[in-house]
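Residue numbers run from 1 in the order of the sequence given. Quick caveat, the model's predicted, so the values are computed rather than measured.
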Amino acid sequence: MASQDILVSEVGPRDGLQSIKPILSTAAKKAWIDAEAAAGVREIEVGSFVPAKLLPQLADTAEIVAHARTIPGLIVAVLVPNAKGAEAAIAAGAHKLTLPLSVSETHSLANLRRTHEQVLAEAKQIADLVKAEPEETRPHFEGSLSTVFGCTLEGAIPDAQIARLAEALMAAGCDEVGLSDTTGYADPRAVKHLIQLVRGVVGEKALTGIHLHNTRGLGLANALMALECGLTTLDASLGGLGGCPFAPGASGNIVTEDLVFMLESMGYSTGIDIGKLLAVRQILRENLPTEPLYGFTPDAGLPLGWRTAQ
Ligand code: ZN
């Protein structure tokens with residue numbers, strides 16, 4: 001297979017941390033981000049601009065963004081739940097903003113207390129804030145279609161509804177949309193189907209990334225299908241940190257170490273030094289001693305003769 005550049009987006013400092021109880025110190029978060037960037041990770045979702053009282057774990061997001069911005073070449077991504085969060089994210093200097101829109105309206109109401117129309121209105125406001133920034137420093141704005149592979153409250157979501165919402169996010173002013181398997185329901189066939197469905201509505205350039213969980217062990221199979229369909233950005237979390245609120249005992253996002261191992265073994269270029277990446281786990285082990293860390297590659301080690309494609 002021809003070498004191709006794949007962007008592995010580390011989401012552990014946001015998605016991983018937001019679903020665990022022990023608070024990771026600001027210093028440890030900075031050390032984690034520094035070490036991953038030094039291993040060659042080029043994009044990190046470092047936090048979320050939600051009210052501190054709702055999510056104390058991520059209360060230091062502005063400080064973390066300011067720190068991450070000092071790392072040359074690193075794309076500093078954040079989650080924003082609404083326009084107010086986007087304002088704070090832009091003020092802090094984030095390079096990429098992601099607004100989740102749950103395609104299940106029941107889930108949207110339960111989690112954000114907002115209807116689809118209300119979330120789309122926030123998307124429009126965020127797009128206006130983004131466009132008011134000078135072009136050189138304007139952040140990238142993604143609308144993430146969450147629960148797109150199915151919802152714990154509604155089950156499967158009709159294709160027509162997904163297509164309509166993808167189109168509406170672009171019409172609101174998003175630069176692109178993403179697919180998010182919030183609930184760990186995805187399988188490779190569904191991945192292919194949804195990529196084709198959404199690209200059919202927004203075009204190829206406006207869907208480049210996918211956010212996968214490994215809840216039922218299909219994470220890498222789903223990632224492989226996404227690659228074969230032409231997606232180039234894959235979210236993952238170091239050590240699969242985070243677990244799943246819907247499936248006690250299950251791992252969280254796909255494991256960054258295993259994903260990088262698969263990609264580099266296949267001849268894709270990620271720019272990541274896997275040896276250095278594996279060493280970053282020590283920071284989590286020391287600072288979050290009660291949290292399980294997942295991953296097969298870290299346990300098994302690299303095969304004899306294996307080398308990074310650098
Ligand atoms: Zn997630």
Side-chain angles (χ1 to χ4, degrees), residues 7-20 22-100 112 122-123 125-144 146 174-176 178 180 209 211 233 235-238 241-242 253 256 271-272 280 283-284 287-288:
L7 181 65
V8 173
S9 182
E10 170 64 51
V11 298
R14 194 280 300 171
D15 204 358
L17 289 181
Q18 83 170 38
S19 37
I20 65 169
I23 303 274
L24 187 61
S25 72
T26 303
K29 288 179 187 174
K30 289 178 183 175
W32 178 9
I33 291 163
D34 289 351
E36 281 218 33
V41 174
R42 288 169 294 149
E43 179 175 301
I44 304 181
E45 193 171 68
V46 300
S48 180
F49 282 94
V50 288
K53 64 178 190 309
L54 290 182
L55 205 46
Q57 175 75 269
L58 302 181
D60 56 1
T61 294
E63 186 180 343
I64 298 293
V65 169
H67 174 78
R69 271 174 51 89
T70 65
I71 303 170
L74 181 71
I75 301 166
V76 181
V78 293
L79 203 84
V80 294
N82 50 38
K84 198 170 168 231
E87 223 176 317
I90 292 168
H95 301 129
K96 184 178 173 185
L97 318 181
T98 299
L99 171 77
L112 297 169
E122 297 284 342
Q125 280 186 52
I126 295 169
D128 290 345
L129 288 170
V130 166
K131 284 182 191 123
E133 291 298 300
E135 213 168 320
E136 318 84 70
T137 56
R138 192 176 288 168
H140 190 75
F141 176 33
E142 179 184 309
S144 172
S146 63
C174 287
D175 296 309
E176 68 172 301
S180 184
H211 175 97
T233 300
D235 288 2
S237 169
L238 193 80
L241 185 75
N253 298 100
T256 310
I272 297 170
V280 184
I283 294 172
L284 296 187
N287 292 280
L288 295 169

Problem - Atom NZ of Lys84 with >12 non-hydrogen neighbours under 6.0 angstrom - result: no
Exercise for the section: May I ask you to test the Leu238-Glu10 pair for a side-chain heavy-atom distance under 4.5 Å? Expected result: yes
Handout entry: Ile33 vs Leu74 side-chain heavy atoms within contact, under 4.5 Å
Key = yes
Completion exercise
Here the pair of heavy atoms bringing Pro139 nearest to Asp175 is O-OD2, 4.1 Å
Practice task
Measure across Gly16 and Asn253 and return the closest heavy-atom pair with its distance rounded to 0.1 Å.
Solution key: N-OD1, 4.2 Å
Handout entry: Glu142 and Thr98: side chain donor to acceptor below 3.5 Å
Key = no
Practice task
Under the side chain to side chain contact (heavy atoms under 4.5 Å, CB included) rule, what do His211 and Val11 come out as? Steps first, then yes or no, please.
Solution key: CA-CA 9 Å; His211 175 97; Val11 298; 4.1 Å; yes
Problem - Residue pair Trp32 / Leu288, side-chain heavy-atom distance below 4.5 Å - result: no
Practice task
Using only heavy-atom distances, determine whether the side chains of Ser237 and Asp15 contain a donor-acceptor pair under 3.5 Å.
Solution key: no
Practice task
Give a yes or no on whether the backbone of Ala83 and the side-chain of Glu122 come within a donor-acceptor separation of less than 3.5 Å.
Solution key: yes
Problem - Distance (rounded to the nearest 0.5 Å) between Ser48 OG and Leu17 CG - result: 11.5 Å
Problem - For Val78 against Ala89, the heavy-atom pair lying closest together - result: CG2-CB, 3.7 Å
Handout entry: Side chain proximity check, Phe49 to Val65, heavy atoms < 4.5 angstrom
Key = yes
Handout entry: Reported OG1-to-CG distance for the pair Thr61 and Leu79, which is rounded to 0.5 angstrom
Key = 9.5 Å
Fill in the blank from the handout: Value for CG (Leu55) from CG (Leu58), rounded to nearest 0.5 Å, stands at 4.0 Å
Handout entry: Lys30 with Glu63: basic N within carboxylate O range, under 4.0 Å
Key = yes
Exercise for the section: Check whether any side-chain heavy atom of Val41 sits under 4.5 Å from a side-chain heavy atom of Val8, and report yes or no. Expected result: no
Problem - Least distance between heavy atoms, Ile126 atom then Ala86 atom - result: CG1-CB, 3.6 Å
Handout entry: Nearest non-hydrogen partners of Ile283 and Ala35, listed with the distance
Key = CD1-CB, 3.7 Å
Practice task
Kindly compute the distance separating CD (Glu36) from CD1 (Ile71), expressed to the nearest 0.5 Å.
Solution key: 10.5 Å
Problem - Check: Arg69 side chain, Gly93 main-chain N or O, donor-acceptor pair, under 3.5 Å - result: yes
Practice task
Show your reasoning for whether side chain to side chain contact (heavy atoms under 4.5 Å, CB included) applies to Lys29 and Asp60.
Solution key: CA-CA 10 Å; Lys29 288 179 187 174; Asp60 56 1; 2.7 Å; yes
Problem - Heavy-atom side-chain proximity of Ile44 to Ser9 below 4.5 angstrom - result: no
Problem - Shortest non-hydrogen separation from Leu97 to Ala94 and the atoms involved - result: CD2-CB, 4.0 Å
Handout entry: Side-chain touch Glu45/Val76, heavy atoms, less than 4.5 angstrom
Key = no
Practice task
May I ask you to check whether Glu43 and His95 show a side-chain donor-acceptor distance below 3.5 Å?
Solution key: no
Exercise for the section: Output yes when Glu133 and Arg138 qualify as a salt bridge under the 4.0 Å nitrogen-oxygen rule, no when they do not. Expected result: no
Exercise for the section: Could you check if a side-chain atom of Gln18 sits within less than 4.5 angstrom of a side-chain atom of Gln57, using non-hydrogen atoms only? Expected result: no
Handout entry: Distance, nearest 0.5 Å, that separates CD1 of Ile20 from CD1 of Ile23
Key = 8.5 Å
